[in-house]
Amino acid sequence: MSLPHIPVLRRGQPYDSLDRNELNSVRTGEPVAAVGQANAALIRRDLRRGADAARDALRALSVGRLLEISAAAGRLFMEETLPLGDGGAQSPQEYVEALSATSGLPHVLVRRNMAKIHQVFTEMPTILRGLTRGMDPAVLDTGSGEQSGVPVSYYAVTNALGVVLPSNSPGVNSLWMPAIPLKVPVVLKPGREEPWTPFRIAQAFLAAGCPPEAFSFYPTDHEGSAAIMESCGRALIFGDQSTVERYAGNPAVQAHGPGWSKVIIGEDCIDRWPEFVDVIAASIADNGGRSCVNASAVVVPRHADALADAVAKKLAQITPRAADDEAAGLAGFANPKMAEAMDAAVTEGLKTPGAEDVTAKHRPAGERLVTRDGSTYLLPTLVRCDSFAHPLANREFLFPYASVVEVPQAQVTDVMGYSLVVTAITQDEALLSRLLASPHVERLNIGPLSTTKVRWDQPHEGNLFEFLYRRRSIQWA
Amino acid sequence: MSEAEATTTVTNEQVQAAAERLDAHVREIIAWHFSPETGCPFWLEWAQKTGFDAVAEVKSAADLTKFPHFQDEWLRDEPNERWVPKPYQGRPFLVFETGGTTGMPKQRIGWEDHLRDYEEFSETLDDAAFPRGGNWLMLGPTGPRRLRVAIEHLAHIRGGSCYHVDLDPRWVKRLIAEKDFETAKRYKKHVAEQGAAILKNRKVSCLFTTPLLLEALDEFVNVPDAGIKGVFCGGTQMTPQTVRFLVEEVLDNRAQFVPTYGNTLMGLACSRPLTPDDQWSITYHAPQPRAVLRVVDPEDTDRTVDYGAWGRVELSTLTKEFFMPRFLERDEAIRRHPWGRYPWDGVGEVRPFGALEQKTIEGVY
């Protein structure tokens, strides 16, 4: 049987590139798929030509119709067999197995991400309301209208949204999906190990009636990624801190790096800390600890040792399991060298006095890096740091990792730095006021909510509508 | 046998005859370079120092493996005068430098080899795609490179003139090595824009350029619409996908694409015309007998790999002006069967040696 083939999509049309990358199972090393590769010049050529026509194809449909398409696409994504290349097709179960094989995510986590993506498809009206602060979406059909009694007019600042995706988690695709009902075609560069999800999302949209011109899908190399970043008027990119720094100040690029998300407990709640162990553990370990919304630090005014020990004990129960085990909570690494590097970084950090790996004593074999069924895993790790200045206090890794630090409440907002999500377990008005005023907190969950908990009407990681559209002043005689 | 088959298939007799011609040529060249009356100081002294009696030992192309690999440092360190064969003494020579590294470059001296290479190549060109009397644009490495002179000679012998755009590939390599990709891109754009300006303002029908510059040129001008009927292209690796993209899209199947593999040390290896069976995979054939390409096992370079297998490219240059046995190129390729007018081995899908393991800096040349 020939390998499943994921082709390049050029404005929705499959293109059978002669360059194909083989994707292998992280567990067995066996090939799982061949992924067509787009050369950078081809991408540049496509994006130079016909971008306006692609946007016109989306503009021809109303937002209302695109929301209907989105809802229908959600069902197709979850339930139906959808096309791959060379006349092949993929059932939902085959998608789960393929993505699990190449990304290391267990089936149960893939299905949770599927469910999240399904919600994005079906909750799209709520998401658009959140992004536009309740504006009637028909404003985007006509170009003008009213919002809260005020005349408004918006125009798109680009005719394509470039997206350079990571491989760490399929849930990240939820960030670009609203571009479709916002009538902006997408140019997707999938992560090397995770072409499955963006391709399946595109196929679901297409099967539901979305114009094919809305989807370009270019598995490619660094040069091809750069071509997408340069040629699209707006682009999202996912990477490390250096990626964020490279694009800082570039209004055409929204760079997503580490989240450094945190759980902060106030003076008023800390004595009840045992109640929050579960929510802290979930914040650290949900989705295999792979998301930027996973907490990487827990900041408390006291009881750090006791809290750290209790959370560590809970985290240590998460161990590698078979890919199809419903209780699996850890993801294997597609690249074992990456796991080795992270393990080495933690070990190196522990050499600086003032830090202790409190999970170590709860692990059966003691080792952080383990293998199972041919796959490499990093076991959950909680490090008790004696100050926020410790090198391990504010680190983010691609596995369940966090620090626990005692910081006097009055100093929390001064030392915590940027945080994609802060879960603040407190009712202390002064602390909440400082958090609400902080420019370093992107999302604030007040109360014992996991940092991974999403509300669809709350824009996540930047506002895509504001990124893609600009408001124009308008008045009529 | 159809006409197409007649031009593409090769009989054992043709292969044998070509091999015999090559063996005879090897004997002639060895006799020339290792005789005190005609040899150059470098090879005569080398023979004396090593005690290797090349005339007695090397009677065929296969015997070339009795030489050690040619060391490219010799082309940096030896004074050029030591490469001058005795009959050429007193005749000023041309100095050509290899493409792209920084520091003291490798130099090859010559008199007419490059002219012969390109005259022979000219005979393989299709007059419809590279019209006689048509002007050329040379959008590629200039300066001390053989190509600069050779393309102009090619244009002249075909009755046309040649326009040039300056390109310094060493600067590009330096920028890339320093990870200054932005400046490298700006330089590529600067070069391509100048090429586009020539095409827009002058009547030009034939183009020499590199694959990357052809792609860049496409950003400023539609190449076939600008009057280009034939593109002679070389300098960096061309994957099948790159070739297909250039032919189908950049040239829109309206201008002929003629890829070549060559350098200052070898001359020019022509490609076979692509057929659907090739799946856009290019095969080049050395300008035998003046140069011979082997695809060798990198671990045992005396051994030629099997047909269809990858190996490192080994070049021997065998002219009266220059003798260079068994130089290991920084390239790898697939060994291909003899073909049509080239009844000797070809090299397919040439790419930087170790390309799968590491990214080699090729720049635009």
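Note that the structure is a prediction, hence the values are computed from the model and not measured. To find a chain, count down the sequence lines: A is the first, B the second, and so on, and within it residues start at 1.
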For B/E215 and A/N39, which I'm curious about, is there any donor-acceptor pair between the side chains at under 3.5 Å?
no
B/R335 NZ/CZ over B/Y307 ring centroid, <6.0 Å and within 45° of normal
yes
So if I take each residue of residues 225-248 of chain A and look for any heavy atom under 4.5 Å from a heavy atom in chain B, which residues do I end up with?
A/E230
Would B/W339 and B/T283 count as having a side-chain donor-acceptor pair, cut-off 3.5 Å?
no
Does the ring center of B/F232 lie less than 6.0 Å from the ring center of B/F130?
no
Answer yes or no: are there more than 12 heavy-atom neighbours, outside A/R470 itself, under 6.0 Å from its atom CZ?
no
For B/T275 and B/D278, which I'm curious about, is there any donor-acceptor pair between the side chains at under 3.5 Å?
yes
